Amino acid sequence: MSAVSESATASLRHLVLIDGSGFIFRAFHGLPPMSRSDGTPVNAVYGFTTMLLKLLNDSQADHIAVIFDSSRKTFRTDLYPEYKAHRPPPPEELVPQFPLVREAVRAFDVACIEMEGFEADDLIAAYARAATLQGAKVTIVSSDKDLMQLVGAQVSMFDPMKNRTIGPDEVFEKFGVGPDRVVDVQALCGDAADNVPGVPGIGIKTAAQLIGEYGDLETLLARAGEIKQPKRRQTLLDNAAMARLSRDLVKLRDDMDLPEPVSALAVRALVPERLAAFLAEQGFRSLINRLDLKAPPRPPVASTPVVATATEAAPAPAGFSRDQYDLVLDLDTLDRWIAAAIEAGIIGFDTETDSLDSMRARLVGVSLAVAPGRACYIPVIHNPPAAQGSLDFGDAPAESAGPKPIPADQSLARLAPLLADPSVLKVGHNIKYDMQVLASLGVPVTPIDDTMLLSYVLDGASHGHGLDELAQLHLGHTNISFAEVCGTGKSQITFDRVPLEKARDYAAEDADVTLRLHQFLKPRLLAEKMVEVYETLERPLIPVIVAMERAGLKVDRAFLQALSEDFGRRLADLEAEVIALNGGEAFNLASPQQLGKVLFETLNLPGGKKTKTGQWATGADILEDLAPLHPLPARLLDWRQLAKLKSTYTDALVAQINPATGRVHTSFSLAATTTGRLSSSDPNLQNIPIRTEEGRKIRRAFIAEPGFCLISADYSQIELRLVAHVAGIEGLRTAFAEGRDIHAITASQVFGVPLEAVDSSLRRRAKAINFGIIYGISPFGLAAQLSIPQSEAKAYIEAYFGRYPEIRAFMEQTKEEARTHGFVRTPFGRKVFTPGIKDKNGAARAFAERAAINGPIQGGAADIIKRAMVRLPAALVEAGLAARLLLQVHDELVLEAPEAEAEATIAVVRRVMEGAACLSVPLLVEAAAAASWDEAH
DNA sequence: GCGTTCACG
DNA sequence: GACGTACGTGAACGCT
């Protein structure tokens, strides 16, 4: 094998240089904590390994190297001792991973380069120069802006995290100058991250402008006296030495002796045993399986033409052959697959349909995977596009001469028993959707597992949970994209029109990947102590949600239409008034930009603030402040309210009524939020107005069927009860136990007045503080909420902490927990991840700290209502009641029940909800029944 | 596709 | 000394 490098030397055409040090940090911060069985943290090693694997698979490079920083002391620290001096030491969990990452590089038999006294960036510069001199192309894999000075005709950068190539245009976008002038700009603006001083008061914009005008740093410094702005001229004259020093710091050195010749970077054949041993040591079993290490993931370069294959589709990584994907077109074959499924006891399972809306979708096909790589697609309807040039005279699709699916009634009759077979676990990805589609056909699916939910409970918001993304992340596999199969935009076709062979590859792959992901994710539940959350809160919720979505909610169409017309008329009147108030000058009331000009430029009203993009801010709070000064802002607020209600609610809801059921069916997402809450969309029924009189009218449109009523049951103060429980606040606990008015009690205790003396204003302030606690209080936020000075808000908070000292300890402990683990846990064990908790930006860190404090509270409340939802259907059945769940709105459940059973249903609902958790404070549920949601709430 | 605004808990 | 903030969502709209 050693002969390879010699023979490849002559063919240096494309060199890939990987910024190893940059990557370790990004992988570390971008991935959830992971550790080896011996406790060594390995998340950065894992991220680095998968990244390297992907690069090796995808790139056409013939030479490759990973470059590392060697030590902190470099020629730059000699030049300027402050350089990077303020950098904190790397996090404790990262330190043991540095040597492991270098081991990873060696395990892949890739060159690993570092050199005392130089940073990785300098070595990259030197190798890039050496390679370009030999006429080769160079790709620098990094997103570090300090490397952008190297970009040029032969050199480009690639950011693998964002999958983005950085060329001269992107550099110009960043620095406002071409790559050859980047150093001059950086010399002026400095770099806070590296402690490069630059010239005080000059940022990237000014620097780019100056360099654009004068050409380069030396010319600028020589002619600094010509600068018009006196202050800028003086600082430049005063700081010329600083600018030159900064330039020397940012300019990369490429003149050192290379520690290895370029030829030593030639791509070498992989030694499977070596890689397998390394991966096994780290406990990366999924990677071993994925690579199927008997076969190397890439052939030896010596036998591979380097450039010629570039146009070919990327070969599937080893272990991902589609050879054993089967297209099932006859009953015998189907029966064999069903037998194999029963034999396996666990299958990957997926459906293909003709719509994303599960309530309207028709089943087009089903795919099953019985083992990794062994999967089939069973088409149910197939309408290939008519041949070109043929005329289509009727509704029926043109007869196709090709193979036909098994008639739908026959295939479904065979599949239904398998899907209901208690001894066969059906693993889906977002299986809620597949269960919906099959439920419409009367086919139940049980027992189930869901890889999307597994990923969600394990890794939270640290990455997305789409099948394609997880396949890439955990299996290193690129799925066939839906767009590849069905196209995009106007020419997109539905899945039933996809040619069968292509449909088979796509659909069978999804089932295959789902099963493989399950093998990887399910064992992590136990290792990461998430079994309870998944098994008691998430998985059993799926069938409950399926039933809720299918039930839908009846809305009064005529009422909403009448409301819409009323709103429409009033909007027209308001618009005319506003235009008149603007001196008859028409503008678009819905455009914040145009409104800002009207208010602060035409009418010249005071107190204008800009948003972070430099637009005039025109939010409701700003308009309210302006209301006493001019009649326009108040009219506009009225207009905004009605416009919102009309477009988002009256009109949209009418359009969302399902023609088949006459009801609206929301879609609940179980894997969308960082805290464990559900979310609702299409339409969002979790934000139906309630706070204003006009808004409440919309709620009146949500009604029950004749003979039925709507029941709304909501937890009273559930989040504050969670605070009292998790923080162990004795004062609050007692108040809750005694069933007192919690905000009044708080006011009395914090402000030190007798309960009888608490007036509405004092209670309002106490209520705001209580809410503030839930959100991770800050003086700024509380001050804004109460329109009081920050100093006063600060005093309130101090008083609160004084009266309830446990809260301070809780907040400190929670932040510490977040810093140590990267997540906090709810009382029920759910992880709420807290990215940014160690951010060097103070604002970002404070944000993460508040989110960390909110996590156990909001997340704990979400856990409790989930538990109630899981238990409720069975409790209703057991009580002989016909009520069904329709909606969940975070602390509220909405049901539809026969009028005659209203009281009995309320009793069961209250019992289940109040008994869903046993905290150190009681749970209290308020419930009522009525003809509409508005009256029931 | 992003930013702003606003509906909810 | 300035920064930029209450926590969690989704939808509509304007603008590019």
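All values below were derived from every heavy atom in this structure, side-chain atoms included, with hydrogens, water molecules and symmetry-related copies excluded. Proteins get letters first, then strands, A, B, ... in listed order; numbering begins at 1 in each. What you are looking at is a predicted structure, and each value in this text was computed from that prediction instead of being measured.
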- Has the side chain of A:E817 got a donor or acceptor atom that lies under 3.5 Å from a matching backbone atom of A:V824?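 No, the answer is negative, given that no donor and acceptor are paired below the 3.5 Å cut-off.
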- Item | Main-chain N/O of A:P922 paired with A:R721 side-chain donor or acceptor, under 3.5 Å |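 Pair found, side chain donor or acceptor close to backbone of A:P922.
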- Query: Should A:R910 and A:E914 count as an ion pair when the cut-off is N to O under 4.0 Å?
  - Reply: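 Result for this pair is yes, salt bridge flagged.
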- Message: So that I can tick it off, tell me whether A:K646 and A:E694 are bridged by a salt bridge, with the cut-off set at under 4.0 angstrom between side-chain N and carboxylate O.
- Response: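 Result for this pair is no, no salt bridge flagged.
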What is the separation between atom [atom1] on [X] and atom [atom2] on [N], rounded to the nearest whole Å?
X: A:Q686; N: C:dA11; atom1: CD; atom2: P; result: 11 Å
X: A:Q858; N: B:dG9; atom1: CD; atom2: C1'; result: 8 Å
X: A:L887; N: C:dG10; atom1: CG; atom2: P; result: 16 Å
X: A:Q594; N: C:dG14; atom1: CD; atom2: P; result: 9 Å
X: A:I865; N: C:dT9; atom1: CD1; atom2: C1'; result: 15 Å
X: A:Y800; N: C:dA6; atom1: OH; atom2: C1'; result: 15 Å
X: A:W639; N: C:dA12; atom1: CH2; atom2: P; result: 15 Å
X: A:K610; N: B:dT4; atom1: NZ; atom2: P; result: 12 Å

Considering just the side-chain nitrogens and oxygens of [X], establish if one lies under 4.0 Å of OP1 or OP2 belonging to [N].
X: A:S679; N: C:dG10; result: yes
X: A:R850; N: C:dC7; result: yes
X: A:T673; N: C:dG8; result: no
X: A:S591; N: C:dC13; result: no
X: A:Q615; N: C:dC15; result: no
X: A:S667; N: C:dG10; result: no

- Aromatic rings A:Y775 and A:F771: how do their planes relate, parallel, tilted or perpendicular, breaks at 30° and 60°?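 Correct class here is tilted.
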What does [X] touch in the nucleic acid at a heavy-atom separation under 4.0 angstrom: a base, only the sugar-phosphate, or nothing?
X: A:N588; value: sugar-phosphate
X: A:A846; value: nothing
X: A:Q593; value: sugar-phosphate
X: A:A643; value: nothing
X: A:I774; value: nothing
X: A:A768; value: base
X: A:I853; value: nothing
X: A:A784; value: nothing
X: A:E892; value: nothing
X: A:S681; value: sugar-phosphate
X: A:N684; value: sugar-phosphate
X: A:D714; value: nothing
X: A:G772; value: base
X: A:F780; value: base

- Message: Nearest 0.5 angstrom please: A:L645 CG to A:R640 CZ, how far?
- Response: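 If we round to the nearest 0.5 Å, A:L645:CG and A:R640:CZ are 13.5 Å apart.
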- Calculate, to the nearest 0.5 Å, the distance between atoms OG and CD1 belonging to A:S667 and A:I545 respectively.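 If I round to the nearest 0.5 Å, the distance is 9.5 Å.
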Tell me which nucleotide among [options] gets nearest to the side chain of [X].
X: A:S647; options: C:dC13, C:dT5, C:dA11; result: C:dC13
X: A:R640; options: C:dA6, B:dC8, B:dT5; result: B:dT5
X: A:T648; options: C:dA11, B:dT5, C:dG8; result: C:dA11
X: A:R677; options: C:dG10, C:dG8, C:dT5; result: C:dG8
X: A:D891; options: B:dG9, B:dT5, C:dG8; result: B:dG9
X: A:R699; options: B:dT5, B:dC8, C:dG8; result: B:dC8
X: A:A590; options: C:dG14, B:dC6, B:dC8; result: C:dG14

Using atom [atom1] in both nucleotides, what's the gap between [N] and [M] to the nearest angstrom?
N: B:dA7; M: C:dC3; atom1: P; result: 30 Å
N: B:dT4; M: C:dG4; atom1: P; result: 13 Å
N: C:dT5; M: B:dG3; atom1: P; result: 13 Å

- Message: Determine whether a donor-acceptor pair (one donor, one acceptor, N or O, separation below 3.5 Å) exists between the side chain of A:R691 and the base of B:dG9.
- Response: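 For A:R691, whose side chain was compared with the base of B:dG9, there is a donor-acceptor pair (under 3.5 Å).
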- Message: Within the supplied structure, the quantity of interest is the number of heavy atoms (other residues, nucleotides, ligands) at a distance under 6.0 Å from A:K838 NZ; does it exceed 12?
- Response: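 Yes.
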- Task: If C:dC13 has a Watson-Crick or G-U wobble mate with both distances under 3.5 Å, name it; if not, just say none.
- Result: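 Its partner is B:dG3 (Watson-Crick or G-U wobble, both distances under 3.5 Å).
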- Just name whichever nucleotide pairs with C:dC3, Watson-Crick or G-U, keeping both distances under 3.5 Å, else none.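 None - no nucleotide pairs with C:dC3, as no candidate has both distances under 3.5 Å.
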